[in-house]
Amino acid sequence: AQKITQTQPGMFVQEKEAVTLDCTYDTSDPSYGLFWYKQPSSGEMIFLIYQGSYDQQNATEGRYSLNFQKARKSANLVISASQLGDSAMYFCAMSHLTGNQFYFGTGTSLTVIP
Amino acid sequence: EPEVTQTPSHQVTQMGQEVILRCVPISNHLYFYWYRQILGQKVEFLVSFYNNEISEKSEIFDDQFSVERPDGSNFTLKIRSTKLEDSAMYFCASIERSASTDTQYFGPGTRLTVL
C-alpha cells in the first residue's frame, strides 16, 4: 500500500520566491517521523528536515520549514527564498516506531529558474 | 561531522557475477539499512539490520541478496548472481536508536551497473 504520496512530479519556481512541495502520508501508527531529503543530480541523499508525530510546532531549519497538518496527514515542505542550488529531487519519507523502516515517496523534481 | 561511507562509488559487473557493496555506518548507530534507487525512480527499501540480524526486509530482498556485519564497522550487501535489473544506485543508511525519532543518515551511494 502506498504510504507516502507526492503528487507533484515536477515543480518550477522563480529564484528568490517560496515554493511548497506536497507530501501526504498514510499510517495507523501513532508514533512516526516525517523527513524530507534532497537529492541533487550528483545522487547523494541529503537530510533537510524532520517532524515527529508528537511535535506541537512545525519544524524549521533555515530556509526549510515543514507545514505539518496531522489531521490531514500532510507534511509539506516549504522552501523560502529559492536559490539556483535548490534545483534537485526532493523526497518525503516516513518512519514508524515499529519496524524501523522508512517509506519514501516518488519524489518531486524542483527547478529554480533564474 | 560523522558520516556514512560507501565503497566503491561505482561498480560495473557482468550479469551472473557476485558483487559485494560495502558500507561503514556512523560508529554509534544501531540500525542499518540498504536501499536501492533505479535511475529516475523512487528510493526502495531493501533491508534493515539490528543487533546482528535482519529486522525487516522487502519483497525485493530475495535469496539473491544477503547482508552481513563482518566486523564492528562494516556493513555489506551481497548480490549473488547479478541480473540486468539490479542496475541501480544502492544506498546504505544508519540511525542512532529509533526510526521514529532519529534522522536516517545516508551514504553517498554505490552505482551498480550490470552488463
Side-chain angles (χ1 to χ4, degrees), chain A residues 1-10 23 25 27-55 59 61 64 66 68 70 75 88-109, chain B residues 1-6 8-10 23 25-26 29-51 53-61 88-113:
Chain A
Q2 188 74 13
K3 293 185 179 289
I4 291 280
T5 303
Q6 293 180 255
T7 56
Q8 307 154 315
C23 173
Y25 59 92
T27 181
S28 56
D29 194 326
S31 182
Y32 52 89
L34 297 159
F35 302 80
W36 278 92
Y37 289 87
K38 173 183 177 181
Q39 187 178 42
S41 57
S42 51
E44 71 267 34
M45 295 287 280
I46 303 167
F47 165 74
L48 295 178
I49 196 166
Y50 160 81
Q51 179 88 41
S53 58
Y54 295 117
D55 293 343
E61 289 284 349
Y64 304 107
L66 202 152
F68 181 45
K70 196 169 182 177
M89 281 291 285
Y90 288 80
F91 290 95
C92 180
M94 177 177 67
S95 64
H96 284 154
L97 178 63
T98 52
N100 283 300
Q101 187 179 142
F102 275 64
Y103 302 91
F104 281 83
T106 50
T108 294
S109 175
Chain B
E1 186 174 320
E3 58 181 17
V4 178
T5 59
Q6 288 185 245
S9 57
H10 192 187
C23 168
I26 296 173
H29 284 194
L30 301 179
Y31 290 87
F32 315 118
Y33 300 80
W34 281 102
Y35 293 88
R36 80 170 185 193
Q37 185 182 29
I38 294 169
L39 186 64
Q41 298 186 24
K42 72 173 180 179
V43 179
E44 299 174 292
F45 168 77
L46 292 178
V47 65
S48 61
F49 193 85
Y50 171 72
N51 201 25
E53 59 183 27
I54 291 173
S55 56
E56 268 198 86
K57 59 182 181 179
S58 71
E59 294 169 351
I60 304 167
F61 194 87
M89 182 77 105
Y90 288 81
F91 290 102
C92 173
S94 68
I95 59 173
E96 190 172 356
R97 291 185 318 275
S98 167
S100 67
T101 57
D102 294 335
T103 297
Q104 188 171 72
Y105 291 94
F106 282 79
T110 293
R111 183 168 297 284
L112 177 65
T113 301

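Throughout, a chain's letter reflects where its sequence line sits, starting with A, and its residues are numbered from 1. Just so you know, these numbers come straight off a predicted model, no measurement behind them.
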Pairwise distance OH(B:Tyr31) to OG(A:Ser95) - rounded to 0.5 angstrom: 11.5 Å
Residue list, side chain to side chain contact (heavy atoms under 4.5 Å, CB included) with A:Ser41, at least two apart or on another chain: none
Ring centers of A:Phe104, B:Phe106 separated by less than 6.0 Å: yes
Heavy-atom side-chain proximity of B:Gln104 to A:Phe35 below 4.5 angstrom: no
Under 4.5 Å from any heavy atom of chain B - which part of A:Tyr54: neither
Contacting moiety of B:Glu44, where chain A heavy atoms sit under 4.5 Å: neither
Sequence-distant partners of B:Phe49, ring pair (Phe, Tyr, Trp, His ring centres under 6.0 Å), two or more places apart: B:Phe75
From A:Glu44 atom CD to B:Glu3 atom CD, the distance as rounded to the nearest 0.5 Å: 11.0 Å
Non-hydrogen side-chain atoms of A:Gln6 and B:Lys42 separated by less than 4.5 Å: no
